[in-house]
K.L.:
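First the structure, which I've put down as structure tokens, then a few questions once you've had a look.
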Amino acid sequence: MKKWWMAVAMMLLSSAAMAGMTPDQLVKKTADDVIDVIKTDKDIQAGNQQKIFALAEEKILPNFDFEKVSRLVLGKNWTNATPEQKTAFQAEFKTLLLRTYATALSKYKNQAIEYKPFRMEAGAEAATVKTAIQQPGGDPIGVDYTLSKKGDDWKVFDIVIEGVSLVTNYRSQFAQEIRQNGLDSLTKKLSDKNKAATGK
């Protein structure tokens, strides 16, 4: 269940007009933009997978620092990996996340978002934006976005849902496979899952 909410939180980030925005402005604007698309696109509401994947790829993925996410998820294994291994892993990990976001997009049902007061020191290079997703008939889901400065833009590199970090979650999932069979084996397993899910 937490994994699904993590995907819901991630889908609320798009790429429109982000330059120069503060982290809280970025999170709020992108959430509004993506929700507007979902509410007005009947194909997406009907579950059109092609359009759902396209929306996720266009609006969500550009706002993540995938190199940083990959580095944090793999830990010391990232440092020891060859450039080819890093490229192969990032490609499959990105596809895995894209599939997760697309699934979340297809299940979105008008949940409202509450934005907590935001504070950041002048010149800070990292920030956390705290929100809560309100769901009818249920308790709010706490969602914290962790961002860092990359050039002039802010990029997300971790999301914490009800205390569960995306980075920590995937790191624990991947660590055992790497320990037993190596990074190439993990990348192949991700590739096999991606191919099975997309029928390719």
Side-chain angles (χ1 to χ4, degrees), residues 1-15 18 26-27 30 34 49-108 126 128-129 143-151 153-200:
M1 188 64 181
K2 288 183 182 299
K3 186 176 181 181
W4 187 84
W5 279 110
M6 187 174 289
V8 171
M10 296 173 91
M11 82 180 188
L12 300 178
L13 295 169
S14 76
S15 60
M18 302 306 170
L26 182 148
V27 170
T30 53
V34 173
Q49 288 296 306
Q50 190 174 4
K51 293 195 75 171
I52 292 170
F53 269 76
L55 178 63
E57 187 160 21
E58 178 187 356
K59 302 288 187 181
I60 298 169
L61 298 190
N63 289 308
F64 280 83
D65 186 343
F66 268 102
E67 182 175 335
K68 187 165 187 172
V69 175
S70 298
R71 190 169 67 244
L72 293 172
V73 165
L74 291 185
K76 65 181 181 182
N77 295 293
W78 177 264
T79 304
N80 297 330
T82 66
E84 292 76 15
Q85 287 177 311
K86 292 177 180 177
T87 299
F89 170 78
Q90 278 188 293
E92 298 303 335
F93 186 41
K94 194 171 182 177
T95 301
L96 170 69
L97 293 179
L98 178 61
R99 290 194 295 104
T100 305
Y101 309 154
T103 300
L105 285 172
S106 68
K107 294 179 179 178
Y108 180 76
T128 299
V129 178
V143 181
D144 297 343
Y145 298 85
T146 309
L147 305 90
S148 61
K149 200 80 178 286
K150 191 168 187 178
D153 299 327
W154 288 91
K155 298 283 185 181
V156 175
F157 68 90
D158 198 11
I159 297 175
V160 179
I161 311 290
E162 293 290 273
V164 178
S165 157
L166 175 148
V167 168
T168 303
N169 186 45
Y170 278 114
R171 182 188 292 154
S172 62
Q173 286 185 38
F174 295 164
Q176 185 174 358
E177 177 63 27
I178 295 175
R179 214 168 24 246
Q180 293 179 344
N181 301 305
L183 177 57
D184 290 339
S185 174
L186 170 64
T187 301
K188 185 177 185 312
K189 287 190 173 181
L190 293 180
S191 176
D192 290 344
K193 287 182 179 178
N194 289 332
K195 288 176 181 174
T198 58
K200 295 181 179 178

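Each residue takes its place number in the sequence, starting with 1.
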K.L.:
Just by distance, with hydrogens left out, do T187 and Q85 show a side-chain donor and acceptor under 3.5 Å apart?
P.N.:
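No, no side-chain donor-acceptor pair sits under 3.5 Å.
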
K.L.:
Any chance you could measure N77, atom CG, to R179, atom CZ, to the nearest 0.5 Å?
P.N.:
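These two atoms lie 9.5 Å from each other.
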
K.L.:
CZ of F93 to CZ of F174: how many Å apart, nearest 0.5 Å?
P.N.:
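The CZ atom of F93 sits 5.0 Å away from the CZ atom of F174.
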
K.L.:
I need the minimum non-hydrogen distance between N169 and S172, along with the two atoms involved.
P.N.:
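Residues N169 and S172, closest heavy atoms: O-OG, 2.8 Å.
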
K.L.:
Checking the side chain of T168 only, and the main-chain atoms of V164 only, is there a donor and an acceptor separated by less than 3.5 Å?
P.N.:
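It does not hold such a pair.
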
K.L.:
Tell me whether the rings of F66 and F64 are parallel (<30°), tilted (30 to 60°) or perpendicular (>60°).
P.N.:
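Aromatic pair F66/F64 classed tilted.
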
K.L.:
Could you tell me the separation between the CD atom of E162 and the CG atom of D144, rounded to the nearest 0.5 Å?
P.N.:
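The CD atom of E162 sits 9.5 Å away from the CG atom of D144.
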
K.L.:
Rounded to the nearest 0.5 Å, what separation is found between the CZ atom of F89 and the CG atom of L96?
P.N.:
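So the gap between those two atoms works out to 8.5 Å.
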
K.L.:
Side chains of L74 and L186: closer than 4.5 Å at any heavy-atom pair?
P.N.:
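Yes - at least one pair of side-chain heavy atoms lies under 4.5 Å apart.
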
K.L.:
Between L98 and N194, is the side-chain contact (heavy atoms from CB on, under 4.5 Å) condition met? List the steps.
P.N.:
CA-CA 10 Å; L98 178 61; N194 289 332; over 6 Å; no

K.L.:
Are there more than 12 heavy atoms of other residues, nucleotides or ligands under 6.0 Å from atom CD of Q176?
P.N.:
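No, not enclosed.
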
K.L.:
Hey, could you give me the CD/CG distance between E67 and L72, rounded to the nearest 0.5 Å?
P.N.:
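That separation rounds to 10.5 Å.
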
K.L.:
Taking C-beta and beyond as the side chain, do L190 and T95 meet within less than 4.5 Å on heavy atoms?
P.N.:
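No, side chains not in contact.
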
K.L.:
My understanding is that only residues two or more places apart in sequence, or in another chain, count here; which of them pass salt bridge (Lys or Arg N to Asp or Glu O under 4.0 Å) with D184?
P.N.:
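Partners of D184 by the salt bridge (Lys or Arg N to Asp or Glu O under 4.0 Å) criterion come out as none, since no residue qualifies.
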
K.L.:
Got a second to check how far W154's CH2 is from L26's CG, nearest 0.5 Å?
P.N.:
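Those atoms lie 10.0 Å apart.
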
K.L.:
Please enumerate all residues that pass salt bridge (Lys or Arg N to Asp or Glu O under 4.0 Å) together with D158, with sequence neighbours excluded.
P.N.:
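By the salt bridge (Lys or Arg N to Asp or Glu O under 4.0 Å) rule, D158 matches no residue at all.
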
K.L.:
With a 4.5 Å limit on heavy-atom distance, are the side chains of K86 and S70 in contact?
P.N.:
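No - every pair of side-chain heavy atoms lies 4.5 Å or more apart.
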
K.L.:
Could you pull out the closest heavy-atom pair between V167 and F157, with the gap in Å?
P.N.:
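That closest heavy-atom pairing would be CG2-O, 3.5 Å.
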
K.L.:
Kindly give the heavy-atom pair with the smallest separation between D65 and K155, and that separation in Å.
P.N.:
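Between these two residues, the closest heavy atoms are CB-CB, 3.8 Å.
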
K.L.:
Can you see which heavy atom on E92 is nearest to which on S191, and at what distance?
P.N.:
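Looking at all heavy atoms of both residues, the closest pair is OE1-CA, 3.2 Å.
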
K.L.:
Closest heavy-atom contact between Y145 and L147?
P.N.:
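Looking at all heavy atoms of both residues, the shortest contact is O-CD1, 3.5 Å.
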
K.L.:
Using the test salt bridge (Lys or Arg N to Asp or Glu O under 4.0 Å), find all partners of K188 that sit at least two apart in sequence or belong to another chain.
P.N.:
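Partners of K188 by the salt bridge (Lys or Arg N to Asp or Glu O under 4.0 Å) criterion, ordered by chain and then number, come out as D192.
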
